Amino acid sequence: MTATSTRKTAAETCARGPRIMFYSHDTFGLGHLRRSRALAGAITAANPDASALILTGSPVAGRFSFPTRVDHVRLPGVIKRADGSYASRTMGMSIEETAELRAALIRSTVEQYEPDVLVADKEPTGFRGELMPALELLKSTGRCKMVLGLRDVLDEPEVLAAEWERKHAVEATRDFYDEIWVYGPRSVYDPTAGLPFTPEMQERMHWTGYLRRDLGQVGEPPEQPYLLVTPGGGGDGEMMVDLVLSAYEADPELSPRAVLVYGPFLSGETREDFEERVARLNGRVTAVGFESQIETLFAGAQGVVCMGGYNTFCEVLSFDKPAVIVPRTTPRLEQWIRASRAEEIGLTTMLDETRDGWTAPALAKAIRALATQPPPSAAGSEGLLDGLDYVTRRVSALLQDTRREAAE
């Protein structure tokens with residue numbers, strides 16, 4: 001299929017519904033997939049003719065249900081080692097071979113699906129540059145609008161600048177992306193601070209607000225009252241889970257009881273150790289492995305203890321729950337920056353390792369304080385959760401541009 005043959009006439013463009021493609025590299029955790037899934041669901045709900053396809057490397061993508069007219073393609077998985085290097089999940093393939101395979105699959109899927117809008121999550125060039133062949137193809141056809149979506153916080157400005165320079169990400173953003181969406185309010189944080197964006201690139205930026213989680217039908221929550229404890233995907237949540245269990249072990253009077261969601265990436269051996277400790281707490285803490293409908297647990301919780309990942313933070317805001325965030329500080333300061341700003345604004349509190357100490361008494365004190373801590377809505381930040389509505393409006397505007405250009 002050539003670039004010329006993929007260029008649609010106006011009539012051909014209108015003959016089928018709009019197609020939105022999401023690229024989500026997902027080398028680790030759940031955040032990128034869950035963000036893409038929320039966006040795809042909102043866009044297809046707002047436009048009954050639209051469909052969406054998510055390209056994801058998440059090994060647990062199959063555990064999620066997807067909205068009507070939303071599907072996913074699973075890319076071969078990679079894992080991040082403790083030293084920051086990557087390895088293939090595919091037996092017998094080097095990381096270089098896996099990246100080449102992924103790049104070919106992405107380009108082929110783009111060629112066959114022919115998206116009208118592509119939304120790339122966080123990585124302008126993709127994992128190890130795997131998105132570049134697809135970006136070049138789409139640019140050559142001239143009929144797909146390309147968007148770079150960024151969460152509210154990426155990393156420290158100096159660290160991020162060095163990373164983007166190494167990946168040639170600024171140049172890729174400049175040359176390929178029609179718009180840059182920041183999934184947060186400008187008043188909270190600027191994730192591009194420190195990046196050498198030109199004035200023209202800055203004009204492409206849209207601050208959407210946070211992405212509200214679905215507050216529709218939820219299941220029957222566990223017996224109340226309870227505290228929800230969630231480390232997100234769980235791959236880096238061992239410290240927080242250990243701290244929560246230590247708090248309940250050290251303080252027999254600590255209440256309410258805790259419902260702990262380990263997350264799918266917590267190692268099996270570590271989880272077995274935690275299960276033994278949970279059993280000894282005689283019901284004061286209960287635990288489940290992976291809850292794809294975690295919204296039900298959020299809806300019924302009295303308060304939340306969590307790490308500071310983007311999606312969990314959006315759930316705290318959406319369900320308006322008093323929360324204490326225990327943010328990781330390695331390998332990125334992203335969670336700490338987000339938690340610090342949230343505490344400054346009055347949305348949540350934070351258990352800071354340096355200021356408060358990551359000790360059982362310190363966490364027990366923070367848990368007790370949740371009973372009188374105001375919910376995030378008390379901070380009165382108007383438009384804080386308007387992200388999905390803003391995105392659907394931008395997609396509509398981009399599709400109008402595409403139809404107009406096809407007609408010319």
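Everything quoted here is computed from the prediction, not taken from an experiment.
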Closest approach of [X] to [Y] (non-hydrogen atoms, all atoms of both residues):
X	Y	answer
M350	S340	CE-OG, 3.7 Å
E114	R19	O-CD, 4.0 Å
W358	L351	NE1-O, 3.0 Å
L227	V305	CD2-CG2, 3.7 Å
S88	S94	CB-O, 4.1 Å
L131	P124	CD2-O, 3.9 Å

Going through the distances and angles, do R257 and L281 end up as a side-chain contact (heavy atoms from CB on, under 4.5 Å)? CA-CA 10 Å; R257 71 184 183 90; L281 286 167; over 6 Å; no
In the structure I gave you, are the side-chain heavy atoms of [X] and [Y] within less than 4.5 Å of one another anywhere?
X	Y	answer
Y189	V182	no
F127	I95	yes
W181	V119	yes
P133	I106	no
L260	V244	no
R338	R151	yes
Y226	P221	yes
M239	R328	no

Measuring from atom [atom1] of [X] to atom [atom2] of [Y], what distance do you get when rounded to the nearest 0.5 angstrom?
X	Y	atom1	atom2	result
D389	R212	CG	CZ	8.0 Å
I325	T312	CD1	OG1	9.0 Å
L385	L317	CG	CG	5.5 Å
Y183	Y390	OH	OH	12.0 Å
D116	L118	CG	CG	11.0 Å
T208	L39	OG1	CG	8.0 Å

Check the pair E343 / T349 against side-chain contact (heavy atoms from CB on, under 4.5 Å), numbers first and verdict last. CA-CA 5 Å; E343 188 173 70; T349 59; 4.0 Å; yes
Whether over 12 other heavy atoms sit under 6.0 Å from E275 CD: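 Atom CD in E275 is packed in, count exceeds 12.
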For R368, I'd like to know if atom CZ has over 12 heavy atoms of other residues, nucleotides or ligands within 6.0 Å.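 It does: R368 CZ has more than 12 such atoms within range.
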Do L347 and L384 pass the side-chain contact (heavy atoms from CB on, under 4.5 Å) test, and can you show the C-alpha distance, the side-chain angles, and the key distance before you say yes or no? CA-CA 11 Å; L347 298 172; L384 193 68; 3.9 Å; yes
Less than 4.0 Å between a side-chain N and a carboxylate O, is that true for [Y] and [X]?
X	Y	result
E179	R394	yes
E136	R107	no
R277	D242	yes
R341	E344	yes
E123	K167	yes
R204	D178	no
D386	R393	no

Okay, side chain of [X], backbone of [Y]: is any donor-acceptor separation there less than 3.5 Å?
X	Y	result
T141	L138	yes
R213	E315	no
R102	H25	yes
Q224	Q302	no
R284	Y248	yes
T198	M201	yes
S108	A104	no
R128	E96	no
Q335	P327	no

Measure from NZ or CZ of K139 to the centre of the six-membered ring of F176, then state whether that distance is under 6.0 Å and the direction lies within 45° of the axis.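 Yes, K139 sits over the ring of F176.
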Side-chain donor-acceptor pair under 3.5 Å between [X] and [Y], yes or no?
X	Y	result
D190	W207	no
Y23	T109	no
S24	D121	no

Candidate list V117, L53, I43, test side chain to side chain contact (heavy atoms under 4.5 Å, CB included), partner F22, passing option: I43
Please state whether the rings of F313 and Y210 are parallel, tilted or perpendicular, taking 30° and 60° as the class boundaries.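 Rings of F313 and Y210: perpendicular, over 60°.
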Please determine whether side-chain contact (heavy atoms from CB on, under 4.5 Å) holds for the pair V241 and E238, giving the CA-CA distance in whole Å, both sets of side-chain angles, and the decisive distance to 0.1 Å. CA-CA 5 Å; V241 173; E238 180 179 349; over 6 Å; no
